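First the structure, in the form of C-alpha cells, and then the observations on it.
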2 protein chains.
Amino acid sequence: MHAAVLRYFDHVARHGSIRKAADALSVASSAVNRQILRLEDEMGVALFERGRSGVRPTAAGELLLRHVRETQNEYQRTRAEIASLGGTVSGDVRIISLESMLVRFLPQVVDEVSARHPKVTFTVLAVHPSEIGEALRSGDNDFGVLFVDARHRGVDVIAEFPTSVGALMRPDHPLAGRKSLTLTECVGHPVVMLQDRWLLDAIMAMEFSGSGARLSPRVVSNSIEFMRQVIRSGLGIGFFTPIGFIEEIRRGELVHVPLAEPGLAQSRIGILVPRYRRLSPPARLMINHISERLGAFADFLAAPPRRPKRRNRG
Amino acid sequence: MHAAVLRYFDHVARHGSIRKAADALSVASSAVNRQILRLEDEMGVALFERGRSGVRPTAAGELLLRHVRETQNEYQRTRAEIASLGGTVSGDVRIISLESMLVRFLPQVVDEVSARHPKVTFTVLAVHPSEIGEALRSGDNDFGVLFVDARHRGVDVIAEFPTSVGALMRPDHPLAGRKSLTLTECVGHPVVMLQDRWLLDAIMAMEFSGSGARLSPRVVSNSIEFMRQVIRSGLGIGFFTPIGFIEEIRRGELVHVPLAEPGLAQSRIGILVPRYRRLSPPARLMINHISERLGAFADFLAAPPRRPKRRNRG
DNA sequence: ACGGGCGATGCCGAAATGGCAGCACACCGT
DNA sequence: ACGGTGTGCTGCCATTTCGGCATCGCCCGT
C-alpha cells in the first residue's frame with residue numbers, strides 16, 4: 001500500500017549508504033538512488049549529505065525519517081488490528097527484554113501464547129541498557145520487560161513486579177547460608193560479572209567510596225548462559241535477579257541471597273511501553289499474558305525459597 | 001511521496017462513492033476503482049460495503065482510514081516542519097473557531113501573522129458546537145479557539161482567557177443601564193438568538209425550570225453578522241461574548257451587560273489542541289500570536305467598558 | 001598509480017497506472 | 001412497462017513510471 005520510496009528511504013538511512021541499502025532491498029542501486037533524488041526534488045531540500053563513504057541524513061532528512069518510520073510502524077499496527085477483527089489475533093509482537101528474562105521466563109510465555117494464537121509472531125531482543133530509551137522511543141518495539149528506572153523518559157510503566165537482585169552461588173559456598181548480604185561482605189570472595197552491569201555500577205560506587213575496597217571479578221562475560229555455567233561450577237558469586245535461574249534454585253543447585261542494599265533489594269521489573277503509543281492486538285495479548293505469569297512468580301521474584309520445596313502443580 | 005492510493009481511499013470514503021471521488025480527484029473512476037480493489041486484495045479483507053447508492057467503509061476500512069488520514073496529516077505537518085527549517089515559517093494552519101471570534105478577532109490576527117510570515121496559509125472554519133469534539137480529534141485541524149468545556153475529551157487546553165457571556169443591546173434599551181442581568185430579568189424583552197445556542201440551552205433549562213417562563217426569541221439566525229445588524233436596529237437583546245462586538249461597544253453603539261448566571265459569567269475562551277498531537281511550526285506561531293492578542297484583550301473580554309473610552313495607541 | 005568504494009546518469013525493457021468505452025445491475029419517475 | 005440515471009466493475013490500449021545494466025566521475029586507502 002505505501003510507496004516503495006518509504007522503505008528505500010528508511011533503508012538508506014539505516015545503512016548509511018545507497019548501495020548497501022539497495023543490496024539489502026535486493027534492488028539495483030540506481031533505482032534506490034533515483035527514488036531518493038526524486039524525493040529530495042519533491043521536498044525541495046537535500047535529505048542526505050553525500051560524504052565520501054556514504055550518505056548521512058540532514059536535519060530535514062531526520063524529520064522526514066521520523067515520519068516515515070512512524071508511518072511504517074503504524075501501518076503494521078493497523079494491519080494487525082484489521083487482521084484481528086476476525087477474532088483470531090495475528091501480527092508481530094516486538095519485545096525488548098532483560099537478558100535474564102529472555103533466557104528462562106520469556107521463552108515459556110512465548111510458547112504458551114504461540115500455542116494459543118498460532119498466527120502471532122514474536123521478535124524478542126535483548127537490549128543493551130544504554131539503548132533502552134532509544135529502543136522504546138523509536139517506536140520499533142511494542143514494549144519492554146525491563147527494570148523500572150525513573151531515568152526513563154517518555155515511557156509508561158503499565159505493570160510492575162517487585163524483585164530483588166541477589167547474590168547467586170552454589171549451596172556449598174561459604175555465604176550460602178546467609179539470609180541477606182551486602183556487597184561489602186562479598187569482598188574477598190571471587191565474583192563473576194556481566195559486562196553490562198546496569199544497576200550494579202551506581203550501587204557499587206556508593207558502597208565502596210569510603211573503604212576503597214572493590215569487588216574483583218574473576219570472570220566477566222556478556223552472556224548469561226556462560227555465567228550460569230560458571231557459577232554452577234563454583235567459580236564465584238554472580239549478581240542477578242532470580243528470574244533467570246528459577247529451575248536451578250528450585251532444584252537446589254544454586255542459592256539466591258538477596259542483597260541488603262535498598263536500591264537492589266527493592267528492584268522492580270516492569271512492562272514499559274512508549275508513551276502515547278497505541279498497542280497492537282498481539283502486543284496487548286502478550287502483555288496480559290506476561291503480567292499474569294509474572295504475577296504467579298511474584299513470591300519467587302521477591303524472595304525465592306532458600307531450599308527447594310515441593311509444590312502442587314495444576 | 002505517499003502512494004496515490006492513500007488519497008483515493010480517503011476521497012472514496014469521504015464521498016461515499018467511487019465515481020464521485022474520482023470526479024473530485026479528476027481521474028477516471030476506473031483507476032480509482034482498481035486501486036481500491038487492489039488495496040482490498042492486499043489487505044485480504046473488504047474495505048467497503050458495496051451498496052446500490054455507493055460504498056461505505058467496513059470496520060476494517062474504518063481502521064485503515066484512520067491510519068491513512070493520520071499519515072496524511074502527519075505528512076503535512078512534517079513538510080511544514082522541514083520547510084520551516086530554513087528560518088521562514090511556512091505551511092497551512094487549520095483552525096476551528098467560535099463564530100464570534102471568527103468575525104472580528106481572528107481576521108486581525110490572521111492579517112498580522114500573514115504579514116510577518118507570508119508563506120503561512122490559513123484555514124479557519126466555524127464549527128457547529130456538536131462537531132467540535134470530532135473536528136478536534138480527527139486530526140484534520142491544528143487547534144480550536146473555543147469555549148472551554150469540561151465535556152471535551154482527549155483535548156488539552158493550552159491557554160485560556162476568562163470572558164463573560166452577556167446581554168448585548170442598544171444603549172437606549174431599558175436594560176442598558178444595568179450592571180448585570182439574569183436571564184429571568186430578560187423575560188418580556190424581545191431577544192434574538194443564534195440557532196446553535198451552545199451554552200445557553202443548559203443554563204436556560206435550569207433558570208426557568210421552576211417559573212415556566214421562557215425567553216421568546218423574536219429573531220433566530222445562525223449568522224452572527226445578521227444578528228449584529230438586528231441588534232443594532234433595536235429588534236432585541238442578543239447573548240454573546242463581547243469579543244465579536246469590540247468595535248460597536250467601544251464606539252458606544254452597543255452595550256454589553258454581563259449575565260449573572262455563574263456558568264455564563266465565568267465562561268472561558270481557550271485554545272484547545274487534540275491531546276498528544278504534535279503542532280506544526282505555523283500552528284505554534286499562530287497559537288502564540290492569538291494568546292498574545294487575547295491577553296491584551298483580557299480586560300475587555302471579562303468586563304468591557306460600559307461607556308466608550310479613549311485609549312492610547314502605540 | 002591503482003583498485004575499490006561511493007553516488008549519479010543514459011539507455012532500455014518491464015510493470016504499473018490511467019483513460020475510454022462498455023457491461024450488468026438497481027433504483028426512480030413517468 | 002419503461003427508459004434514464006446512478007452505481008461498481010472490466011477489457012483494451014496509451015502513457016508514465018520503475019527497475020536493471022553498464023558506465024562515468026569522484027575520492028580515499030593502499
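Convention: sequence-line order gives letters A, B, ...; per-chain numbering from 1. Keep in mind it's a predicted model, so treat the numbers as computed, not measured.
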Whole-Å gap separating P (D:dC9) and CG (B:Leu47): 12 Å
Between D:dC9 atom C1' and B:Glu49 atom CD, what is the distance in whole Å? 18 Å
Take the protein atom CG of A:Asp41 and the nucleotide atom C1' of C:dT9, then report the distance between them rounded to whole Å. 15 Å
Once you apply a heavy-atom cut-off of 4.0 Å, does B:Ser17 come out as touching a base, just sugar-phosphate, or nothing? sugar-phosphate
Tell me: CG of B:Asp23 to P of C:dG18, nearest whole Å? 16 Å
Please work out which of the three classes, parallel, tilted or perpendicular, describes the rings of A:His67 and B:His2, given edges at 30° and 60°. perpendicular
Parallel, tilted or perpendicular: ring planes of B:Tyr276 versus A:Tyr276, cut at 30 and 60 degrees: parallel
Distance, rounded to the nearest Å, where B:Leu39 contributes CG and C:dA16 contributes P: 15 Å
Heavy atoms only: give me the nearest A:Phe122-A:Asp92 pair and the separation to one decimal. N-OD1, 3.4 Å
Nucleotide D:dT17, atom C1' - distance to CG of A:Leu37 in whole Å: 15 Å
Can a side chain N or O of B:Arg50 be found less than 4.0 Å away from OP1 or OP2 on D:dC9? yes
Tell me whether the OP1 or OP2 atom of C:dG18 has a side-chain N or O from B:Tyr8 closer than 4.0 Å. yes
Just checking A:Val32: base, sugar-phosphate only, or nothing, at a heavy-atom cut-off of under 4.0 Å? nothing
What's B:Arg52 touching, base or sugar-phosphate or nothing? Going by heavy atoms closer than 4.0 Å. sugar-phosphate
Please figure out whether A:Ser53 or A:Arg34 has its closest DNA chain C nucleotide nearer the 5' end. A:Ser53
Dump the intermediate steps for side chain to side chain donor-acceptor pair (under 3.5 Å) on B:Gln72 and B:Arg69, then the final yes or no. CA-CA 5 Å; B:Gln72 291 175 321; B:Arg69 291 184 175 153; 5.8 Å; no
For B:Phe48, which contact category applies under a 4.0 Å heavy-atom criterion: base, sugar-phosphate, or nothing? nothing
Does B:Thr123 form a side-chain contact (heavy atoms from CB on, under 4.5 Å) with B:Ile95? I'd like the steps, not just the answer. CA-CA 6 Å; B:Thr123 304; B:Ile95 308 169; over 6 Å; no
Any donor-acceptor N/O pair under 3.5 Å between D:dC9 base and B:Ser30 side chain: no
Is the backbone N or O of A:Arg7 less than 3.5 Å from a side-chain atom of A:His11, with the two atoms forming a donor-acceptor pair by type? yes
5'-most contact on DNA chain D: B:Glu40 or A:Ala31, nearest heavy atom basis? B:Glu40
With a 3.5 Å cut-off and just heavy-atom distances, do the side chain of A:Arg19 and the base of C:dG4 make a donor-acceptor pair? no
Quick one: is C:dG18 close enough that its OP1 or OP2 comes under 4.0 Å of any side-chain N or O from B:Gln35? yes
Would you say C:dG7 has OP1 or OP2 under 4.0 Å from some side-chain N or O of A:Asn33? no
Is any side-chain N or O of A:Lys20 closer than 4.0 Å to OP1 or OP2 of C:dG5? no
Protein-nucleotide distance (A:Arg38, atom CZ; C:dA8, atom P), rounded to Å: 15 Å
Describe the nucleic acid contact of A:Ile36 in one word from base, sugar-phosphate, nothing, applying a heavy-atom distance below 4.0 Å. nothing
Using whole Å, what does the distance between atom C1' of nucleotide C:dT17 and atom CG of B:Leu25 come to? 14 Å
